[in-house]
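Protein chains get the first letters and strands the later ones, always in sequence-line order, with residue 1 at the start of each. Fair warning: this is a prediction, and the values are worked out from it, not measured in the lab.
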Amino acid sequence: MRTSWADSADNSATRSSNSHGQSNRAAYVPPHLRNRQSEPPVPSNSAAAMPANDRSNYGGPTASYGGSSFNKPDLGRQGYGSGFQTGGGAWNSNRGGGGRDRGRREVNPFENDDASDQSFGEAENTGINFDAYDDIPVETSGENVPPPVNTFAEIDLGDTLNQNIKRCKYVKPTPVQRYAIPISLAGRDLMACAQTGSGKTAAFCFPIISGIMRETYVQRPRVARTAYPLALILSPTRELSCQIHDEAKKFSYQTGVKVVVAYGGAPINQQLRELERGVDILVATPGRLVDLLERARTLLFSATFPKEIQRLASDFLSSYVFLAVGRVGSSTDLIAQRVEYVLESDKRSHLMDLLHAQRETGIDGKQGLTLVFVETKKGADALEHCLCVNGFPATSIHGDRTQQERELALRSFKSGNTPILVATDVAARGLDIPRVAHVVNFDLPNDIDDYVHRIGRTGRAGKMGLATAFFNESNLSLAKPLADLMQEANQEVPAWLTRYAAKASYGGGNRNRRAGGSRFGGRDFRREGSFNKGADYYGGGTGGHGVPGSYGGGYSQGVTSAWD
DNA sequence: AAAAAAT
């Protein structure tokens with residue numbers, strides 16, 4: 001009998017055998033170490049790709065891997081893992097959670113939007129300031145790049161999805177959406193870099209959903225209590241997974257496309273049950289996904305993109321398009337960045353001075369939230385306690401708190417109940433919290449990338465934000481990259497910081513590793529030559545639809561954007 | 001060195 005995730009949850013003894021009774025616990029082998037000849041083609045979505053369950057069965061009697069559905073032009077290779085023919089049963093003809101979920105009433109994900117509109121006087125989803133997007137440079141590289149669109153109407157996403165887009169109050173596509181959606185709909189693989197809050201979630205969700213809806217004759221194997229998602233979205237934290245899941249639910253409302261989220265810290269049984277009811281799109285964090293996969297023996301892949309990851313990802317993307325969208329806001333003109341010299345022993349009182357002044361001047365008023373980053377989990381607890389004791393309503397989020405506590409903290413912060421959130425880097429990436437007016441780097445990170453991610457929690461979607469950092473002798477390694485970053489963003493750099501920066505660059509190696517950066521958040525590593533030993537075969541801007549001559553703006557090296 | 005991500 002074949003093992004399903006649900007079975008394994010009930011009985012771990014089933015872990016040792018598959019449908020052929022073989023022991024099959026092969027360790028994960030990274031793609032570049034594998035024998036490529038024996039490797040089946042691995043497709044992908046813009047976010048990530050996951051093979052179907054139990055890949056060891058490919059080539060077996062029931063598998064017709066590939067097949068007509070595999071290369072369908074409208075979906076390209078996104079229909080991966082669905083090439084099984086199960087004998088005429090139209091598995092997906094009744095959409096509704098992979099065909100298994102009929103009869104359950106779908107909760108309206110837009111229901112609460114009005115309520116939050118009222119309490120804050122502003123819709124969360126209309127926060128994007130489109131004027132700020134108008135001059136954003138966009139660059140594409142790769143062969144035969146499909147042209148961008150200017151409106152949602154130009155893309156045939158289907159009535160239901162279009163309706164959801166309207167319900168989300170999206171009027172026109174953001175730059176990353178304008179470029180990424182046509183590329184994805186054309187069936188091309190894509191590697192894209194754009195800040196969160198710039199519409200990236202929608203950019204990869206729309207084509208996935210519309211693709212799954214069109215894929216009417218794709219059949220997934222019908223094995224009781226086994227999940228066959230068609231798309232996988234991986235994210236680095238549990239809360240970000242939840243956020244993406246919530247968004248994806250809105251986009252897929254009444255489409256019959258079922259979105260399920262799986263992450264740690266919460267009981268696995270409920271998640272297994274959801275998966276059992278059918279899943280088209282799975283949103284997950286890595287740990288829980290591996291757990292699920294081990295229970296059912298499947299393999300996995302992921303994709304986010306610093307250079308090593310690009311290299312890894314390029315092993316399973318084919319002739320992909322690289323898309324770089326210029327920065328909006330984050331670390332640039334929309335965030336006012338300040339650095340203050342504060343001794344370790346003075347940090348608490350200094351922070352409270354700031355918070356106090358903020359309260360009086362009403363910078364933050366009733367709507368402004370303050371996010372305070374610290375380096376350690378203990379430090380987060382201690383600071384939260386200190387603030388509360390001193391009359392500042394704060395809560396905290398970090399990896400040692402239970403998932404329940406984490407989610408409660410986030411809700412409490414978002415709602416303005418506790419307008420101060422003390423956080424470790426768990427909150428640094430991707431979280432879209434409207435109305436964060438101020439980010440305080442109580443403890444600076446060692447890596448400038450982390451700094452960029454953190455301050456990117458404010459100044460989102462075209463709005464202004466403030467970022468304050470406490471700097472002292474323990475942050476010397478950050479002096480130069482920070483000074484450079486601030487200068488490039490036209491921020492005032494204190495003279496003392498410039499002196500530290502000069503000192504830091506003297507003896508030590510140049511920590512500013514990103515030679516050849518640009519005002520784009522990332523660049524196509526295929527163009528960098530190192531990997532190809534100078535054979536710059538994509539050189540010269542092949543097939544770009546970018547904005548010509550738009551380089552030379554305010555940013556040069558050392559700047560990265562939120563690759564979240 | 002720390003944080004995150006499985007139990």
Side-chain angles (χ1 to χ4, degrees), chain A residues 5-6 8-15 25 27-28 47-48 50 196 232-245 260-272 275 282-306 308-309 344 371-384 396-407 409-410 421-431 439 441-454 456-457 472-478 511 562-564:
Chain A
W5 297 355
S8 336
D10 299 337
N11 178 9
S12 60
T14 60
R15 289 167 67 123
R25 299 215 50 186
Y28 170 74
M50 184 177 76
T196 341
L232 170 70
I233 299 166
L234 278 181
S235 91
T237 65
R238 297 165 181 175
E239 286 75 15
L240 185 53
S241 283
C242 286
Q243 179 181 300
I244 294 168
H245 175 244
V260 176
V261 67
Y263 55 84
I268 197 171
N269 280 328
Q270 199 185 328
Q271 294 174 6
L272 285 165
L275 290 167
L282 176 60
V283 187
T285 49
R288 179 52 62 86
L289 180 67
V290 167
D291 190 3
L292 292 171
L293 295 173
E294 278 175 355
R295 287 165 194 262
R297 274 172 293 289
T298 313
L299 302 173
L300 105 107
F301 279 107
S302 79
T304 43
F305 325 109
E308 292 75 14
I309 308 294
E344 212 58 42
L371 181 52
V372 183
F373 281 104
V374 294
E375 206 49 25
T376 67
K377 295 180 275 199
K378 271 188 177 170
D381 282 336
L383 185 57
E384 176 200 4
S396 71
I397 186 167
H398 62 71
D400 271 358
R401 302 200 71 188
T402 68
Q403 192 54 27
Q404 230 179 3
E405 290 170 328
R406 284 165 59 160
E407 285 168 25
L410 205 51
L421 179 66
V422 183
T424 59
D425 271 330
V426 69
R429 292 172 188 245
L431 290 187
V439 168
N441 273 291
F442 188 89
D443 300 318
L444 273 165
N446 293 317
D447 191 318
I448 191 68
D449 286 13
D450 292 332
Y451 174 84
V452 173
H453 279 286
R454 288 178 178 188
R457 296 316 101 203
N472 62 39
E473 305 280 341
S474 61
N475 309 114
L476 291 182
S477 67
L478 203 66
R511 301 248 318 131
W563 275 96
D564 46 19

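- Partners of A:Q270 according to the side-chain contact (heavy atoms from CB on, under 4.5 Å) rule, which considers only residues two or more places apart in sequence or in another chain, do not exist here.
- Side-chain contact, A:E239 with A:Q243: no donor N or O sits under 3.5 Å from an acceptor N or O.
- Remark: A:E375 pairs with A:R454 by the salt bridge (charged side-chain N to carboxylate O under 4.0 Å, His left out) rule, at least two apart or across chains.
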**Study point:** Nucleic acid footprint by protein, nucleotides 2-7 of chain B - heavy-atom cut-off 4.0 Å, B for base, S for sugar-phosphate alone
**Key:** SSSSBS

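- Side-chain contact of A:D381 with A:H398: a donor-acceptor pair under 3.5 Å is present, judged by distance alone.
- Partner A:T237 forms a side-chain contact (heavy atoms from CB on, under 4.5 Å) with one of A:V426, A:I397, A:D425 and no other, that one being A:V426.
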